[in-house]
Q: 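Sending over a structure as structure tokens; questions will come in a sec.
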There are 2 protein chains.
Amino acid sequence: MGTTQLETVPEPKYWHLKTVLSEALDSEFSVGEILPNERDLAARFGVARATLRQALEQLELEGRLQRRRGVGTTVAPPRVGVAVGTEQHAWPGLAGDVWQPADCVQAAPPAAVAAALETAPDEAVHTVRRSRVSHGQPVAAELLYVPASSVPDLSAIDAPSGPARARAVLRELHRLELEGRDSSVELGSARADDAKELDRLPGAPVLVVTTRFLAAGRTAALSVATYRADTCRLTFGDSGGVEIHQTPERRAS
Amino acid sequence: MGTTQLETVPEPKYWHLKTVLSEALDSEFSVGEILPNERDLAARFGVARATLRQALEQLELEGRLQRRRGVGTTVAPPRVGVAVGTEQHAWPGLAGDVWQPADCVQAAPPAAVAAALETAPDEAVHTVRRSRVSHGQPVAAELLYVPASSVPDLSAIDAPSGPARARAVLRELHRLELEGRDSSVELGSARADDAKELDRLPGAPVLVVTTRFLAAGRTAALSVATYRADTCRLTFGDSGGVEIHQTPERRAS
DNA sequence: CAGTGGTCTAGACCACGGA
DNA sequence: CCGTGGTCTAGACCACTGC
């Protein structure tokens, strides 16, 4: 009738809040700047703290914000592009590899890994832990599973564990001829150990890159790499990848 | 002194809850089965509904659960692998392409896209909307930006918009020689329009795949594809990719 | 219309970081 | 020690689905 339609679809408060904050971040804040604390922000927008947090959570998921307990909420730098698809035909650990070997133990892998490696569920495999750092920040943690059959000549004189052992396993692996590899990317949440290494809380969103290395007609090694989803943009292909900042839908301008 | 240390690091309730639920899903439920509602579940575990929801949220993020308002919470099938890296040297829309052209308009793209295409910020480009379906479910929505200079001979007799127009733009694009392409993957949250097409709520987690198509020494087209993060595993490389179900850390068994 | 998940509130206490 | 973000509670109402 005479009433104008105020809101056909009442937008959730946290969604609207996210839009407002996002625009404020673009125009009024610079990278690294610290925001008012959550209680103040909530009061300023006239919402409960939980609602404000729902908006902040999404912005953090999108890599716009960084929150740290005991410190505060800061404006995050643009996501860093990390190459994961280059050197399609190189083994891990060759010269120029960005990964840093941290440790190596021999243990029974998770069932799914054993299945992919075609080893018995309780058969121990070499498990190399590596970490990846970019711009001074840890961006990824990796577990590389190498069945004993892929490195038959691994010398017993090497250390039984530790970085030296890790390098020894990689060195032996390089003696095989790499026939190909394939990868997959999916969303996951950080396990406790990965979270610690990535300087995040357990459950933080991560991009899990699983890579299978093929040699001698079978899976010679399997890598499960966990990247921080908030700070990383994974790049594949010929060159560095594109930096597209996914903008929210345009308002009538 | 005599007291045993009950919990050195008191695990958050929702984290423990998630572990318990996850194990129950493995052993006591089958795919598609519907769980008790949130109020009952919360009561059963003796926690507030918000806490229970925090656990469910994570499990949904990991693709273990599927929640739908008005319906309930069901056990999700394993993530479907969708190939995004094959045909490294093919244009979009060639025979065999899994994408379905939905529409095409001519409009000014977001600023970041204009920058990548090296067009003026207010210059209109062909914007093709396509959708991708797998196993009967929508898995991705794409916006393909094609500057007018990439399709100079686009006939005026074609429809000004709609699927026919989209096919015409793609057809013209194929006349260029593709020199290469690169992609990047990052985490995002679904915009309202994408969310609708993907049958999710706005803000749902998505994997954003940005692909740049290179021809004649510049970016001839740019694709921004939004995949459902809860149901998809993106695969790259030689073959189909590996199915690794990232298991939480082992408890002493 | 009844039942589901989604949003929101106004509190409380805890864990962590830095001064 | 104080201030921060992280967890948790016990409610309330809303939007959607299917009967």
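A, B, ... follow the sequence lines: proteins, then strands. Residue 1 opens every chain.
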Q: Is any side-chain N or O of A:Asn37 closer than 4.0 Å to OP1 or OP2 of D:dG3?
A: no
Q: Rounded to the nearest Å, what distance is computed from the CG atom of residue A:Leu35 to the P atom of nucleotide D:dT4?
A: 12 Å
Q: If I take atom CG in residue B:Asp199 and atom P in nucleotide D:dC16, what distance separates them, rounded to the nearest angstrom?
A: 13 Å
Q: Can you name the side chain to side chain contact (heavy atoms under 4.5 Å, CB included) partners of A:Pro12, sequence neighbours left out?
A: A:Tyr14, A:Trp15
Q: Considering just the side-chain nitrogens and oxygens of B:Thr73, establish if one lies under 4.0 Å of OP1 or OP2 belonging to C:dT4.
A: no
Q: Tell me every residue that passes side chain to side chain contact (heavy atoms under 4.5 Å, CB included) with B:Arg68, counting only those two or more places apart in sequence or in another chain.
A: B:Val71
Q: Distance-only criterion, 3.5 Å: show the donor-acceptor pairs between side-chain atoms of residues 45-57 of chain A and protein atoms not counting sequence neighbours.
A:
{"from": "A:Arg49", "atom 1": "NE", "to": "A:Glu38", "atom 2": "OE1", "distance (Å)": "3.0"}
{"from": "A:Arg49", "atom 1": "NH2", "to": "A:Glu38", "atom 2": "OE1", "distance (Å)": "3.1"}
{"from": "A:Arg53", "atom 1": "NH1", "to": "A:Glu38", "atom 2": "OE1", "distance (Å)": "3.2"}
{"from": "A:Arg53", "atom 1": "NH1", "to": "A:Glu38", "atom 2": "OE2", "distance (Å)": "3.0"}

Q: Grab the CD1-C1' distance between B:Ile34 and D:dT17 for me, whole Å please.
A: 11 Å
Q: Using the salt bridge (charged side-chain N to carboxylate O under 4.0 Å, His left out) criterion, which residues pair with B:Arg130? Sequence neighbours excluded.
A: B:Asp97, B:Glu142
Q: Can you tell me how the ring of B:Phe236 sits relative to the ring of A:Phe236, calling it parallel under 30°, perpendicular over 60° and tilted otherwise?
A: parallel
Q: List, with names and distances, any nitrogen or oxygen atoms from the protein found under 3.5 Å away from nitrogen or oxygen atoms belonging to nucleotides 6-8 of chain D.
A:
{"from": "D:dG6", "atom 1": "OP2", "to": "A:Arg53", "atom 2": "NH1", "distance (Å)": "2.8"}
{"from": "D:dG6", "atom 1": "OP2", "to": "A:Arg53", "atom 2": "NH2", "distance (Å)": "3.3"}
{"from": "D:dG6", "atom 1": "OP2", "to": "A:Arg67", "atom 2": "NH1", "distance (Å)": "3.4"}
{"from": "D:dG6", "atom 1": "N7", "to": "A:Arg49", "atom 2": "NH2", "distance (Å)": "2.8"}
{"from": "D:dG6", "atom 1": "O6", "to": "A:Arg49", "atom 2": "NH1", "distance (Å)": "3.0"}
{"from": "D:dT7", "atom 1": "OP1", "to": "B:Tyr14", "atom 2": "OH", "distance (Å)": "2.9"}
{"from": "D:dC8", "atom 1": "OP1", "to": "B:Lys13", "atom 2": "N", "distance (Å)": "2.1"}
{"from": "D:dC8", "atom 1": "OP2", "to": "B:Tyr14", "atom 2": "N", "distance (Å)": "3.2"}

Q: From CZ of B:Phe45 over to C1' of D:dT9, roughly how many Å is that when rounded to an integer?
A: 18 Å
Q: For B:Pro36 and A:Leu52, take the nucleotide of DNA chain C holding the closest heavy atom to each; which residue's nucleotide lies nearer the 5' end?
A: B:Pro36
Q: Please list, chain by chain and in numerical order, all residues satisfying side chain to side chain contact (heavy atoms under 4.5 Å, CB included) with A:Ala195, sequence neighbours excluded.
A: A:Ala190, A:Pro202
